[in-house]
Amino acid sequence: MPANEPSTQSVPGTGTAAEVPQPTRHGSEIIGAGYYQPARVLSNHDLEGMVETNDEWIRQRTGIRERRIAGDDETVPMMATAAAQDALDNAGVTAAAVDLIVVATCTSDQRSPNTAGRVSKNLGTPSPVAMDINVACSGFVHALAIADQAIQAGTATTALVIASEKLSAVTDWTDRSTCILIADGAGALVLRRSDRPRISPVTWGTEPDLTDAVVIEPPTNKFVQDGKQVFKWAISEAAGYASKTVTNAGFQLEDLGGLFSHQANLRIIEPLARQLGLADKIVATDVVTSGNTSAASIPLAFAKMWQAGELPADTPFLLFAFGGGFAYAGLVAHTPRV
Ligand SMILES: CC(C)(COP(=O)(O)OP(=O)(O)OC[C@H]1O[C@@H](n2cnc3c(N)ncnc32)[C@H](O)[C@@H]1OP(=O)(O)O)[C@@H](O)C(=O)NCCC(=O)NCCS
């Protein structure tokens, strides 16, 4: 049967093949990417005047040289909207075509309406499904999988998948162990129904033993982490899950154009690429100039590189993220066709 023909199935209990229409199943593909970064640059030298630290320590331990920090008017919904509009422009799609908006964020400053609802109103999308998800740093890959599955199930045709984070609002600016890492920004992809699926099955899960390794919780509501524990997990476990992701997706590592891993720390990204045998391919290292923007880090890096012409078209890349929860998620996604 052709892949997109509606199918029939037998009615339970009757043993006969009856005409029960089944939803048409499609896949999806990325057709555009966009991003937004605040104008304010905070360099390592700037941080030297704020806490007891220095440029050399930060670069050696994290690879970060500078990061972007949002102003008061650069809110999570504002940055999400700007990244989404940029992605729509990049895809050549109007807001009117969007019937699903999924926003990944763990720094939304309002519970209702959610960020996706605000984005919908700001963009003027007619009446989309609009939902936020919070899986901290791995939120974007979760959101991409959810949007792909909605499209596969026939409940959406054109999705905006966005991650927007304002980590500066949940940072203790007197804590040198965290304030040197974090940053703000947003990234977005446009996903469209396709009879040539270009988003693989997702591999995702959690590590319950690490639930409290990364938290933003009362009474301070500031970002606190056990950096050493996260680093140890990333160096010893992440490659196993990332490689399982590629196998589950039906690819060989050598088929891939490269790696977009969560931009937490260059000292994690580079060993991960080496462990996967991807070090000679395209490896996103946006953390160097953008810092750690939690869920936004992968779409931000992807969109910047796509718009700069640094990624080949129609090429599979591994997207793999981990963080608060403690959650991880990975999938293989092709860059847009043109
Ligand atoms: C956060 C991280 C960079 C810290 O690096 P580290 O090598 O573990 O550093 P430590 O925390 O052991 O600190 C080493 C020393 O540097 C000091 N230090 C901490 N932050 C510092 C800073 N900004 N500047 C200078 N010194 C600093 C510590 O106080 C400590 O001093 P001591 O030896 O006198 O006690 C590292 O643990 C890391 O990257 N972890 C993973 C984080 C991550 O990926 N999180 C993802 C969340 S989504």
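Each residue takes its place number in the sequence, starting with 1.
Two residues are said to be in side-chain contact when any heavy atoms from C-beta on lie closer than 4.5 Å; Ser120 and Ile101 meet this criterion. When side chains are defined from C-beta on, Leu300 counts as touching Asp286, because their heavy atoms get closer than 4.5 Å. Residues Ile216 and Lys222 form no side-chain contact, since every pair of their non-hydrogen atoms from C-beta on lies 4.5 Å or further apart. A heavy-atom distance below 4.5 Å is found between the side chains of Leu276 and Ser243. In this structure the side chain of Val190 never reaches within 4.5 angstrom of the side chain of Ile30, judged on heavy atoms. When side chains are defined from C-beta on, Leu100 does not count as touching Thr158, because their heavy atoms never get closer than 4.5 Å. The shortest side-chain heavy-atom distance between Phe317 and Leu259 does not fall under the 4.5 Å cut-off. Looking only at side-chain heavy atoms (C-beta outward), Trp173 and Val51 stay at 4.5 Å or farther from each other.
Between the side chain of Asp132 and the backbone N or O of Ala116 there is at least one donor-acceptor pair closer than 3.5 Å. Judged by distance alone, the side chain of Lys281 and the main-chain N or O of Leu256 form a donor-acceptor pair under 3.5 Å. Judged by distance alone, the side chain of Arg193 and the main-chain N or O of Ile151 form no donor-acceptor pair under 3.5 Å. Thr125 contributes no side-chain N or O that, together with a main-chain N or O of Pro128, makes up a donor-acceptor pair within less than 3.5 Å. Of the possible donor and acceptor atoms, one in the side chain of Arg67 sits under 3.5 Å from a partner among the backbone N and O of Leu42. Between the side chain of Ser108 and the backbone N or O of Gln110 there is at least one donor-acceptor pair closer than 3.5 Å. The backbone N or O of Ala87 sits nowhere less than 3.5 Å from a side-chain atom of Asn90 that would complete a donor-acceptor pair. Side chain of Thr155 to main chain of Ala150: a donor-acceptor pair is present (N/O by atom type, distance under 3.5 Å, no hydrogens or angles). Panel note: side chain Ser138, backbone Ala321; no donor-acceptor pair is recorded below 3.5 Å. The closest donor-acceptor contact from the side chain of Glu74 to the backbone of Gly71 lies under 3.5 Å.
When the options Thr245, Val246, Leu318 are evaluated for a side chain to side chain contact (heavy atoms under 4.5 Å, CB included) with Phe251, the one that passes is Val246. Considering Thr293, Asn292, Thr105 as possible partners of Glu165, the one that fulfils the side-chain hydrogen bond (donor to acceptor under 3.5 Å, both in side chains) test is Thr105.
Using a 4.5 Å cut-off between side-chain heavy atoms of Ile, Leu, Val, Met, Phe, Trp and Tyr, with links allowed through other members, Val103 and Val129 fall into different hydrophobic clusters. Following chains of ILVMFWY side-chain contacts shorter than 4.5 Å, one cannot reach Phe320 starting from Val141, and the two form parts of different hydrophobic clusters. Cluster annotation: Met131 and Leu123 are assigned to distinct hydrophobic clusters (Ile/Leu/Val/Met/Phe/Trp/Tyr, side-chain heavy-atom contacts under 4.5 Å, transitive). Grouping the Ile, Leu, Val, Met, Phe, Trp and Tyr side chains by contacts below 4.5 angstrom, directly or via other members, places Leu167 apart from Val41. The cluster map of Ile, Leu, Val, Met, Phe, Trp and Tyr, joined by side-chain heavy atoms under 4.5 Å apart, puts Leu88 and Ile162 in the same cluster.
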task: Decide side-chain contact (heavy atoms from CB on, under 4.5 Å) for Leu253 and Leu278; before the verdict, give the C-alpha distance in whole Å, the side-chain angles of both, and the deciding distance to 0.1 Å.
output: CA-CA 7 Å; Leu253 281 156; Leu278 295 174; 4.2 Å; yes
message: Run the side-chain contact (heavy atoms from CB on, under 4.5 Å) test on Gln263 and Ile269 for me, step by step, so that the C-alpha distance in whole Å, both residues' side-chain angles and the decisive distance to 0.1 Å come before the verdict.
response: CA-CA 7 Å; Gln263 302 290 295; Ile269 296 167; 3.6 Å; yes
- request: Decide side chain to side chain donor-acceptor pair (under 3.5 Å) for Gln307 and Tyr35; before the verdict, give the C-alpha distance in whole Å, the side-chain angles of both, and the deciding distance to 0.1 Å.
  value: CA-CA 10 Å; Gln307 291 191 10; Tyr35 66 98; 4.6 Å; no
message: Quick one, Cys137 with Ser294, criterion side-chain contact (heavy atoms from CB on, under 4.5 Å). Give me CA distance, side-chain angles, the key distance, then yes/no.
response: CA-CA 4 Å; Cys137 299; Ser294 188; 3.3 Å; yes
task: List the steps and the verdict of side-chain contact (heavy atoms from CB on, under 4.5 Å) for Ile133 and Ile146.
output: CA-CA 10 Å; Ile133 64 156; Ile146 288 167; 4.1 Å; yes
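Considering all non-hydrogen atoms of both residues, Ala284 and Ala301 come closest at CB-CB, 4.1 Å. A pairwise comparison of heavy atoms in Pro126 and Ala95 identifies CD-O, 3.9 Å as the closest pair. Minimum interatomic distance between Gln152 and Gly27 (heavy atoms only, all atoms of both residues): CG-CA, 4.2 Å. When all heavy atoms of Asp86 and Gly34 are compared, the closest pair comes out as OD2-CA, 3.3 Å. Listed here is the closest heavy atom pair of Ala327 and Val135: CB-CG1, 3.5 Å. Contact between Val119 and Pro77 at its shortest, heavy atoms only, is CG2-O, 4.2 Å.
Shown here is Arg68, whose CZ atom has more than 12 heavy atoms of other residues, nucleotides or ligands within 6.0 Å. Counted within 6.0 Å of CD on Glu310, heavy atoms from surrounding residues, nucleotides or ligands total more than 12; the atom is thus considered enclosed.
Between the CD atom in Glu56 and the CD1 atom in Ile58 there is a gap of 11.0 Å [rounded to 0.5 Å]. Annotation: the span from Leu311 atom CG to His334 atom NE2 amounts to 13.0 Å, rounded to 0.5 Å. Atom CZ in Arg65 sits 10.0 Å away from atom CG in Leu266 (nearest 0.5 Å). Atoms CG and CD1, from Asp148 and Ile199 in turn, are 5.5 Å apart once rounded to the nearest 0.5 Å. The line from CG of Leu272 to OH of Tyr241 is 13.5 Å long, rounded to the nearest 0.5 Å. Here the CD-OG distance, from Gln37 to Ser290, works out to 4.0 Å after rounding to the nearest 0.5 Å.
Ion pair Arg198/Asp314 flagged as a salt bridge, since at least one NZ, NE, NH1 or NH2 atom sits closer than 4.0 Å to an Asp/Glu carboxylate oxygen. Salt bridge status for Arg337 with Glu29: present, with a side-chain N to carboxylate O gap under 4.0 Å.
Listed by chain and number, the residues in a side-chain hydrogen bond (donor to acceptor under 3.5 Å, both in side chains) with Asn122 are Thr81 (sequence neighbours excluded).
Asn44 and Glu48 are not linked by any side-chain donor-acceptor pair at a separation below 3.5 angstrom, with hydrogens and angles left out of the test. Asn54 and Arg59 are not linked by any side-chain donor-acceptor pair at a separation below 3.5 angstrom, with hydrogens and angles left out of the test. No donor-acceptor contact under 3.5 angstrom links the side chains of Tyr328 and Glu237, judged on distance only. Donor-acceptor pairing under 3.5 Å is lacking for the side chains of Asn265 and Thr62.
Between Trp233 and Phe326, the ring-plane angle classifies as perpendicular under the 30° and 60° cut-offs.
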